[in-house]
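One structure below.
Numbering of residues begins at 1 and proceeds along the displayed sequence. Every value quoted in this text rests on a predicted model; they were computed, and no experiment measured them.
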Amino acid sequence: MKCTILHESRGRLRVHVCNVRMTLHRADVLEAYLNHHDAVSKAKVYERTGDVVVYYTGARKDAVAALSTYRFDDPELSALVTSADSRRINQEYQEKMYNLLAGRVLRQLFLPAPLNAAYTVFRSIEFLWKGVCCLWHRKLEVEVLDALSIGVSILRSDFATAGSVMFLLNVGSLLEEWTRKKSLDDLARSMALNVDKVWVRAQGSEVLMPLTKVHPGDEIVVRSGNMIPLDGTVIEGEAMVNQAALTGESMPVRKTIGATVYAGTVVEEGECVLTTRAEGGANRYDKIVAMIEESEKLKSSTENRALVLADRLVPWCLGATVVTYALTRNATRAISCLMVDFSCALKLSMPLAVLSAMRECGASHITVKGGKYLETLSKADTIVFDKTGTLTRATPKVVKVVPFSGCSEREVLQLAACLEEHFPHSMANAVVREAKERGISHEEMHSEVEYIVAHGIASRVSGERVVIGSHHFVFEDEHCTIPEDEREKFDNLEPEYSHLYLAASGHLAGVICIADPLRPEASRVLRALRGLGITNTVMMTGDSERTAAAIARQVGVDQFFAEVLPEDKAAFVQKAKSEGHTVVMIGDGINDSPALSAADVGIAINSGAAIAREIADVTIKADSLEELVILKTIANSLQRRVSANYRFVLTFNSALIALGAMGILQPASSAMLHNLSTIGISLKSMTNLIPEEKTQKTLAEKN
């Protein structure tokens with residue numbers, strides 16, 4: 001793609017695309033391509049001017065390369081675009097608004113008064129019918145107020161007022177519909193950008209590729225702990241699949257060859273190969289929108305209180321109208337009161353504020369499954385971290401192999417890699433990687449493999465029972481022993497490392513020392529969280545007491561617990577909740593699932609186990625823990641915005657009713673101010689809670 005740089009600053013480029021007619025679809029594809037690119041943190045395409053604004057966090061040359069290598073009208077890139085079109089939504093509502101305004105002006109200028117009056121009466125039927133339907137269903141809602149104000153104006157032959165009221169109501173309704181659709185679409189699009197990658201089997205090998213490039217009939221490999229990405233049929237293997245998110249079943253279901261599996265379910269045990277039934281990108285947007293609409297049922301208590309109040313205030317508005325007419329005998333003043341209601345602003349601005357906050361989270365690679373979780377996060381005072389993969393980078397490296405019982409380093413590493421190679425754990429990957437780097441082959445030597453979550457692996461090699469895993473598993477559960485003449489060597493193992501213990505026939509064969517570097521931003525993030533209302537930070541790990549203490553000192557947590565099991569994490573969360581704390585749990589593994597489920601808000605790392613992401617209420621991409629600070633800041637700011645909206649709507653609309661009752665505001669003016677205030681507060685609710693410059697600065701600091 002040929003383009004000219006118009007302006008640039010640190011981390012930002014504005015370019016103009018040359019010699020290409022920028023259609024809506026081309027703009028969408030280009031924007032999706034750039035937002036998927038690793039060198040780009042955020043991109044915005046302006047189809048009218050042909051300009052592109054790119055924010056990047058790495059090298060400038062990488063961002064420029066992303067632009068220069070792009071080719072328009074590439075069918076593969078078109079798959080990156082969701083089925084909805086944000087630009088088309090904007091264009092559609094712009095045309096509707098233009099038609100509405102033009103029609104109003106033309107009727108006022110050229111239509112004779114009798115015909116204009118007849119048109120007004122005809123258009124009023126829709127509003128009057130809605131009011132009658134509300135009364136018929138024994139509901140006293142805003143439609144009744146609208147019908148009364150229009151009906152009374154027509155009965156008084158005040159067709160100008162009736163026409164103005166209907167015009168303003170139509171403008172308000174159109175803008176409300178646009179703001180809601182736009183918010184939903186923006187949120188869905190930001191979430192759809194988090195494209196998953198899957199292992200596709202082709203010509204005897206496995207290739208990792210984006211989900212959007214998967215076609216019907218492709219063979220996908222899904223292993224233990226991973227999510228099934230698409231509907232399909234099992235053609236190889238056997239797996240126990242957790243379908244709770246789909247069917248509500250608490251127990252996993254056995255899937256064998258020929259069985260149907262569904263997208264969004266999780267393989268708990270085993271592995272399988274399935275053939276897909278649909279395109280990787282097919283219906284992705286629709287499924288995300290369905291999830292968002294479902295999440296709207298999880299409204300915060302503040303939202304629900306506002307919505308209930310909105311309905312309860314309708315009779316009071318009607319009562320104010322009746323009292324005004326009874327005291328003044330002035331129909332115009334009474335109609336001015338009817339023009340105002342609290343329902344529109346409360347019912348629109350509150351959900352929009354939540355949807356906007358969820359969209360803003362999505363832009364920072366944070367997925368929130370419901371408004372109530374943001375409210376709970378704003379109240380949270382205790383946060384519990386799993387260590388491995390959360391406070392640490394989850395890219396551990398073997399730094400030392402310490403043999404025991406006459407074994408050599410090579411034998412220990414060979415046997416450990418043989419056992420660990422099939423299991424989805426960061427430490428297992430580190431062992432396999434170290435064996436490969438040392439040129440140690442580890443052909444299959446074992447049988448009867450048993451993977452024990454949060455403990456380790458047990459198998460048999462040459463008739464001997466071999467186990468590898470945590471201190472608790474090897475020495476307490478399996479009752480393995482340490483050679484007495486090597487006790488001092490064992491006691492002198494460096495505490496700053498995590499340890500994997502390998503034992504054969506009940507005797508310690510070796511210890512693999514693994515360094516899992518602490519995230520450099522971890523201590524800074526904990527300080528920031530304390531400034532945002534967190535009073536207790538807790539670290540829980542399966543590592544030994546010595547290792548846990550060393551990490552805890554570095555990161556600065558208030559409490560730490562070592563050698564814990566999944567049930568221990570969940571028990572701590574339950575205990576803290578029973579003491580009146582609002583608890584957030586952050587984890588990434590299968591063993592974190594019970595605690596994530598027990599917490600008031602469970603946060604899963606996107607790169608962790610699929611079952612953890614499925615159970616969690618929030619997922620974060622976690623290139624950096626700074627995303628937790630962004631999440632907590634958005635949650636706190638959202639609660640302040642909802643409260644501010646609540647106060648403004650009550651104050652402003654009460655003032656309009658009072659001014660109408662005193663005859664200061666005419667009905668048309670009252671309706672106009674009411675609708676403008678509703679639209680204004682709704683648009684305000686759609687703005688970012690954190691200034692974009694601050695978010696971009698945070699993203700830059702992460703890198």
Quick one: do Glu434 and Lys400 satisfy salt bridge (Lys or Arg N to Asp or Glu O under 4.0 Å)? Show the steps, please.
CA-CA 10 Å; Glu434 181 67 16; Lys400 184 186 293 187; over 6 Å; no

Of the non-hydrogen atoms in Leu374 and Ala635, which two are nearest, and what is the gap between them?
O-CB, 3.3 Å

Can you find a side-chain donor-acceptor pair between Thr537 and Arg530 that sits under 3.5 Å?
yes

In terms of side-chain geometry, is the basic nitrogen of Glu236 or Arg201 positioned less than 4.0 Å from the acidic oxygen of its partner?
yes

Ignoring hydrogens and geometry, is there a side-chain-to-backbone donor-acceptor pair from Lys255 to Val234 under 3.5 Å?
no

Looking only at non-hydrogen atoms, find the nearest pair between Leu493 and Cys513 and report the distance.
CD2-SG, 4.3 Å

So Phe475 and Phe490, would you call those rings parallel, tilted or perpendicular, with 30° and 60° as cut-offs?
perpendicular

Ser405 versus His507, side-chain donor and acceptor atoms under 3.5 Å:
no

For the aromatic rings, using the six-membered ring if either is Trp, is the centroid distance between Phe385 and Phe560 under 6.0 Å?
no

Between Val474 and Gly469 the two heavy atoms that sit nearest each other are CG2-N, 3.9 Å

Do the rings of Tyr501 and His471 sit parallel, tilted or perpendicular, given the 30° and 60° boundaries?
perpendicular

So, Thr376 versus Asp600: side-chain donor-acceptor pair below 3.5 Å or not?
no

Closest approach of Ala430 to Val398 (non-hydrogen atoms, all atoms of both residues):
O-CG2, 3.7 Å

Donor on one side chain, acceptor on other, Thr275 and Glu219, under 3.5 Å
no

Scanning both residues in full, the closest heavy-atom pair of Cys361 with Leu631 reads SG-CD1, 4.0 Å

Ignoring hydrogens, what is the shortest heavy-atom contact between Asn636 and Ser378? Give both atom names and the distance.
OD1-CA, 3.3 Å

Between Lys489 and Pro403, is there a donor-acceptor pair closer than 3.5 Å when you use the side chain of the first and the backbone of the second?
yes

One should read off an interatomic distance between Leu596 CG and Asp617 CG, to the nearest 0.5 angstrom, of 8.5 Å

Please report the C-alpha distance between Glu521 and Arg527 in whole Å, then the side-chain angles of each, then the deciding distance to 0.1 Å, and finally whether the salt bridge (Lys or Arg N to Asp or Glu O under 4.0 Å) criterion is met.
CA-CA 10 Å; Glu521 77 279 4; Arg527 289 195 300 271; over 6 Å; no

Just wondering, do Tyr373 and Glu375 contact through their side chains at under 4.5 Å, heavy atoms?
no

Could you walk me through whether Val384 and Val583 satisfy the side chain to side chain contact (heavy atoms under 4.5 Å, CB included) test, starting with their C-alpha distance in whole Å, then the side-chain angles of each, then the deciding distance to 0.1 Å, before giving a yes or no?
CA-CA 7 Å; Val384 181; Val583 183; 4.0 Å; yes

